[in-house]
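Worksheet for the structure shown next.
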Amino acid sequence: MAFVASAVKSGPGPLRRAGRALVNAAQRSGGAVRRRIRRSTHAHGAGESGLAKLIELHAVNSAGDMLITIALASTVFFSVPTGEARGRVALYLLVTMAPFALLAPVIGPLLDRMTHGRRAAMAMAMLARAVLAWTMASVVTTAGLGLYPAALGVLVASKAYGVVRSAVVPRLLPGQTTLVKANSRVTLAGLLATAIAAPIGAGLHMIGPQWPLYGAFVVFAGGALLSMSLPHKVDSAKGEAKARFAELRAADAGGAGDGIDTPGAGLPGDGVRGQGRKPGLLGVGSSVLHALQANSGLRALSGFLTMFLAFLLREHPFSGLTPAFSLGMVAVAAGAGNALGTALGAWLKSRGPEVIIAMALVGALAATTVAALMYGTVTVAAVAAVAGIAQALSKLSLDALIQRDVPEEVRTSAFARSETALQLSWVVGGGLGILLPLIGSLGMAVAAGLVLVGFVLSVRGLMGAARRGTARPRVA
């Protein structure tokens with residue numbers, strides 16, 4: 001813009017006037033867009049509570065992750081024949097996801113203890129990805145083995161950011177705003193940023209395969225600065241404790257059936273159930289555990305569809321369509337479904353989160369079953385869209401159940417552990433999608449099987465918990 005302004009100053013009179021008008025119009029348009037974004041992120045008290053800054057930070061985080069994804073996908077997947085691409089992606093999962101599966105159970109607890117440096121932790125996660133993006137730019141063209149350790153570092157840093165963000169959200173809740181609604185606003189900002197960053201990343205890739213990584217470096221460096229601008233209360237850990245997921249003992253199944261410990265249970269002389277236990281949460285409640293099982297099934301479905309359809313449609317595109325268009329159509333359907341599910345979660349009065357999760361499973365199971373019986377363009381696109389809706393709604397409902405059934409002082413710890421379990425479920429589904437033969441109907445049948453496992457493990461418990469808990473207050 002400065003170059004254009006300088007050029008029009010030295011041109012003829014009509015050109016200068018036209019140039020000034022163009023520059024002024026662009027500045028006004030950019031200012032209007034910034035003001036609109038600011039109004040959106042600061043609405044409903046988010047500006048006063050500090051949630052707006054976290055929303056903007058998550059948008060930056062999502063944009064940077066998308067730029068790295070484009071760079072890796074273009075190198076590991078699109079630049080070689082399908083057979084070689086399957087080997088490369090399998091190697092990517094082996095070198096990055098396998099170590100991550102070992103590190104993930106450690107990341108959550110370690111970061112869960114970081115109660116007074118969360119802004120610094122988020123800034124370090126951003127800086128680490130900035131440095132790694134710059135490092136990968138030098139080896140991305142050859143897809144050498146040096147690319148994979150850096151990709152693992154990006155994955156670990158991204159997970160670290162996600163765990164800390166989960167702990168930060170409750171500290172920034174505006175008045176009269178529930179955790180699930182705040183999370184949906186943060187997620188929607190991330191989806192919007194991803195949609196904007198995707199074409200930018202594609203344009204940068206046309207310049208050179210390393211340029212999306214240079215773009216990611218700039219984005220994450222800015223995110224590191226933005227992390228330190230979060231309110232100081234983010235670093236406060238007042239009233240927090242640690243939680244771990246555990247099955248309820250038989251003695252806990254009676255009574256009101258909520259399966260939760262009273263805050264402070266186990267302290268001498270408290271006179272409540274759980275006396276004699278260690279302070280903190282030992283049983284998070286049957287609703288939360290069954291909801292996590294259901295979400296794990298849907299997250300495994302997401303990983304499976306991502307990997308299986310990527311290879312299937314590249315080798316066997318939809319009738320009359322190119323591989324690129326087939327992949328793009330499925331990606332758009334999945335993204336639209338995810339955005340729709342998140343938007344529904346933002347305003348839906350969730351009078352029964354258990355029921356919503358059960359219905360999400362039923363919808364995903366029905367869509368995958370129909371696609372297995374009648375494999376085609378419409379049914380596969382429908383599976384992608386329904387899977388996006390189901391995953392978004394079920395995740396927001398899981399958040400609502402954690403908010404409802406887990407005492408406040410251990411809630412952020414529970415979020416950290418659930419995120420780790422869901423990430424590992426995606427890895428399992430994705431690995432299965434790579435190994436499976438490229439037969440469309442077979443793939444959709446396996447997808448239905450993944451959802452069915454989650455359905456069998458969780459639906460009976462979810463519906464039973466919903467019936468027992470109808471008298472308890474719900475989370476909108």
Is the shortest heavy-atom distance from the side chain of [X] to the side chain of [Y] under 4.5 Å?
X    : Y    : answer
R299 : K395 : yes
D65  : S158 : yes
L230 : M122 : yes
L313 : P323 : no
F318 : V330 : yes
I357 : S458 : no
W426 : T306 : yes
V131 : F220 : no

Using every non-hydrogen atom in the two residues, find where [X] and [Y] come nearest and quote the distance to one decimal.
X    : Y    : result
S227 : L57  : OG-CD1, 3.5 Å
M463 : A358 : SD-CB, 3.8 Å
A150 : M136 : CB-CG, 3.3 Å
A193 : A59  : CB-O, 3.1 Å
A294 : L462 : CB-CD1, 4.4 Å

Item checked: Parallel, tilted or perpendicular: rings of F304 and F308 (30°, 60°) ->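 Parallel.
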Next item on the list: List in chain and number order the residues that pass salt bridge (charged side-chain N to carboxylate O under 4.0 Å, His left out) with R165, two or more places apart in sequence or in another chain; answer none if no residue qualifies.
Entry: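 For R165 there are no salt bridge (charged side-chain N to carboxylate O under 4.0 Å, His left out) partners, ignoring immediate neighbours.
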Quick one: side chains of residues 375-392, donor-acceptor pairs under 3.5 Å with protein atoms, not counting sequence neighbours, listed by atom name and distance.
{"from": "T379", "atom 1": "OG1", "to": "M374", "atom 2": "O", "distance (Å)": "2.9"}
{"from": "T379", "atom 1": "OG1", "to": "G376", "atom 2": "N", "distance (Å)": "2.9"}
{"from": "T379", "atom 1": "OG1", "to": "G376", "atom 2": "O", "distance (Å)": "3.1"}
{"from": "Q391", "atom 1": "OE1", "to": "S302", "atom 2": "OG", "distance (Å)": "3.3"}

Checklist line | Test item: N295 side-chain N/O and A291 main-chain N/O as donor-acceptor pair under 3.5 Å | finding: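 Judged by distance alone, yes, a pair lies under 3.5 Å.
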Margin query: When you measure from the side chain of S138 to the backbone of W134, do you find a donor-acceptor pair of N or O atoms at a distance under 3.5 Å?
Written below: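 No.
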Notebook entry, point to check: What residue among T369, L305, I439 forms side-chain contact (heavy atoms from CB on, under 4.5 Å) with M444?
Noted result: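 Only one of T369, L305, I439 forms a side-chain contact (heavy atoms from CB on, under 4.5 Å) with M444, namely L305.
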Check: Cationic tip of R129 within the cone over Y161's six-membered ring, i.e. under 6.0 Å and within 45° of the normal?
Finding: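 That pair qualifies as a cation-pi contact.
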